[in-house]
Number of protein chains: 2
Amino acid sequence: MKKAEATRLSILQKSFELIYVKGYQTTSIDDILATTQVTKGAFYYHFKNKDEMGLAIINELLKPAFAATFMRPLQSGGNPVKVLYDMMYEILMKDKFMKVEYGCPAANLTLEMAPWHKDFTIALNNLSEEWKKSIIQCIKNGKKNGDIRADVKPEQVAVFIMSGYWGIRNMGKLENSKSVYLIYLKQLKDYLTSLR
Amino acid sequence: MKKAEATRLSILQKSFELIYVKGYQTTSIDDILATTQVTKGAFYYHFKNKDEMGLAIINELLKPAFAATFMRPLQSGGNPVKVLYDMMYEILMKDKFMKVEYGCPAANLTLEMAPWHKDFTIALNNLSEEWKKSIIQCIKNGKKNGDIRADVKPEQVAVFIMSGYWGIRNMGKLENSKSVYLIYLKQLKDYLTSLR
DNA sequence: AATAAAACATACTAAGTAGTATGTTTTTGA
DNA sequence: TCAAAAACATACTACTTAGTATGTTTTATT
């Protein structure tokens with residue numbers, strides 16, 4: 001990797017961490033410069049302004065990370081009852097990047113930016129739509145295999161599961177403890193089982 | 001009501017609306033002064049600082065509003081399958097204050113402030129806990145009446161329902177349309193029915 | 001090696017921010 | 001009614017913010 005590219009990536013990665021922890025609005029350019037050891041000249045050489053950097057974080061870091069953690073596990077073709085539960089368990093209990101006290105970076109950005117930063121909202125909605133498609137496909141596949149009842153509506157289930165996820169992140173932040181994740185996961189298992 | 005009390009209340013109400021729409025951090029004192037037509041001297045006579053005002057909003061406006069909209073409907077003693085669905089339908093589809101594009105004020109504040117403003121987090125967690133208690137009581141009552149299966153775990157269900165609510169607010173913001181609320185509500189009905 | 005462009009560095013600006021200092025006006029209680 | 005306290009008004013400060021102007025250094029190309 002070229003040195004300039006490394007500088008750019010370093011800015012994105014450190015900013016992502018700062019924004020995840022502190023929020024977008026409260027993470028100042030000067031904060032970013034201090035932690036990256038990059039100067040203002042370098043920053044504005046690589047990014048036109050703060051929002052352009054924010055969008056780059058979503059598109060270049062959040063999106064691939066999201067695809068790997070949220071969507072890849074759904075492509076196995078297995079029983080949705082198990083696959084969906086396992087996905088959620090991995091995301092909530094095993095993921096190394098996300099911390100219960102800081103919630104989900106995608107959810108944080110959405111709540112903070114929508115509806116004022118349209119570009120952010122569109123990019124984040126994109127993520128959400130992709131996840132939804134993956135879940136729907138997983139359920140459709142389960143119906144074909146007979147793992148899921150024929151009368152189950154895939155889109156309804158997908159929305160229901162996704163809303164549960166965004167919401168449990170909120171509760172985790174409030175209580176600052178993963179114990180609420182475990183309670184949620186138990187009921188998620190019961191719910192998924194009810195779709196057989 | 002005394003005039004001074006009216007001034008204080010006006011500040012709280014207008015600030016609440018501004019913060020609900022724009023967020024806490026991005027609503028400046030000067031914004032508040034401009035929309036309330038109150039001067040800085042008056043503001044700082046009534047509130048020590050911005051955070052004290054924020055807490056007053058939570059405790060004096062959000063809390064009672066939350067109790068009326070989220071908790072009172074649960075105290076009827078009716079069938080939880082219907083009572084819980086009706087509560088959610090009212091909150092999502094009928095409430096006059098909350099708009100789909102701005103989400104839920106309690107969720108917005110939580111995502112924005114936790115874990116950095118401990119007082120806010122505690123006050124908001126308080127709200128959440130009260131709601132949880134109400135839902136649990138509603139389900140326990142339903143179990144006693146035979147409306148809900150004996151093996152249903154009230155706390156698990158409460159957490160599951162609450163997470164669904166916080167989450168669907170997030171999705172509403174992303175899509176800026178109540179249609180996602182309707183999809184969610186259909187599946188909520190199926191889920192609640194599965195508890196019989 | 002020479003040179004042009006890329007990559008970075010430093011000092012600054014203009015606009016906003018929460019909060020304060022110091023007043024004036026209004027209300028209240030004896 | 002009149003003084004004291006409550007309620008408000010205005011002008012200011014010290015600090016932070018995103019972004020710019022203007023440089024210097026590094027890298028790539030010939």
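Distance Ile32(A) CD1 to dT17(D) C1': 12 Å, rounded to the nearest Å. Rounding to whole angstrom units, CZ of residue Phe47(A) and P of dC8(C) are separated by 11 Å. To the nearest angstrom, P of dT28(C) lies 12 Å from CD of Glu5(B). To the nearest angstrom, C1' of dA18(D) lies 11 Å from CG of Leu33(A).
Considering only residues two or more places apart in sequence or on other chains, Tyr191(A) meets the side-chain hydrogen bond (donor to acceptor under 3.5 Å, both in side chains) condition with Gln187(B). The side chain to side chain contact (heavy atoms under 4.5 Å, CB included) test applied to Ala56(B) returns Arg8(B), Leu12(B), Phe47(B), Glu60(B), not counting sequence neighbours. Applying the ring pair (Phe, Tyr, Trp, His ring centres under 6.0 Å) criterion to His46(A), with sequence neighbours excluded, gives no partner residue. In terms of the salt bridge (charged side-chain N to carboxylate O under 4.0 Å, His left out) criterion, residue partners of Lys132(A) (sequence neighbours excluded) are, by chain and number, Glu155(A). Shown here are the salt bridge (charged side-chain N to carboxylate O under 4.0 Å, His left out) partners of Arg196(A), two or more places apart in sequence or in another chain: there are none. By the side-chain hydrogen bond (donor to acceptor under 3.5 Å, both in side chains) test, Lys40(B) is found to be paired with Asp30(B), residues two or more places apart in sequence or in another chain being considered. Residues satisfying the side chain to side chain contact (heavy atoms under 4.5 Å, CB included) test with Phe97(B), not counting sequence neighbours, are Phe16(B), Glu17(B), Tyr20(B), Asp95(B), Pro105(B). Checked against salt bridge (charged side-chain N to carboxylate O under 4.0 Å, His left out), Lys133(A) has the following partners two or more places apart in sequence or in another chain: Glu130(A). Among residues two or more places apart in sequence or in another chain, the salt bridge (charged side-chain N to carboxylate O under 4.0 Å, His left out) test is passed with Lys118(A) by none.
Between Thr7(B) and dA7(D) there is no side-chain polar atom (N or O) within less than 4.0 angstrom of OP1 or OP2. Within the 4.0 Å cut-off from OP1 or OP2 of dC8(C), at least one side-chain nitrogen or oxygen of His46(A) is found.
Listed in residue order, the members of residues 52-62 of chain A having a heavy atom less than 4.0 Å from DNA chain C come to none.
Of the possible donor and acceptor atoms, one in the side chain of Lys143(A) sits under 3.5 Å from a partner among the backbone N and O of Ala150(A).
Between the OH atom of Tyr102(B) and the CG atom of Asn176(B) there is a distance of 8.5 Å, given to the nearest 0.5 Å.
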Quick tally for nucleotides 18-25 of chain C: nucleotides whose base has a protein heavy atom under 4.0 Å get B, sugar-phosphate-only ones S, the rest -, giving BBB-----
Please list, for nucleotides 25-29 of chain D, all pairs of protein and nucleotide N/O atoms separated by less than 3.5 Å.
none

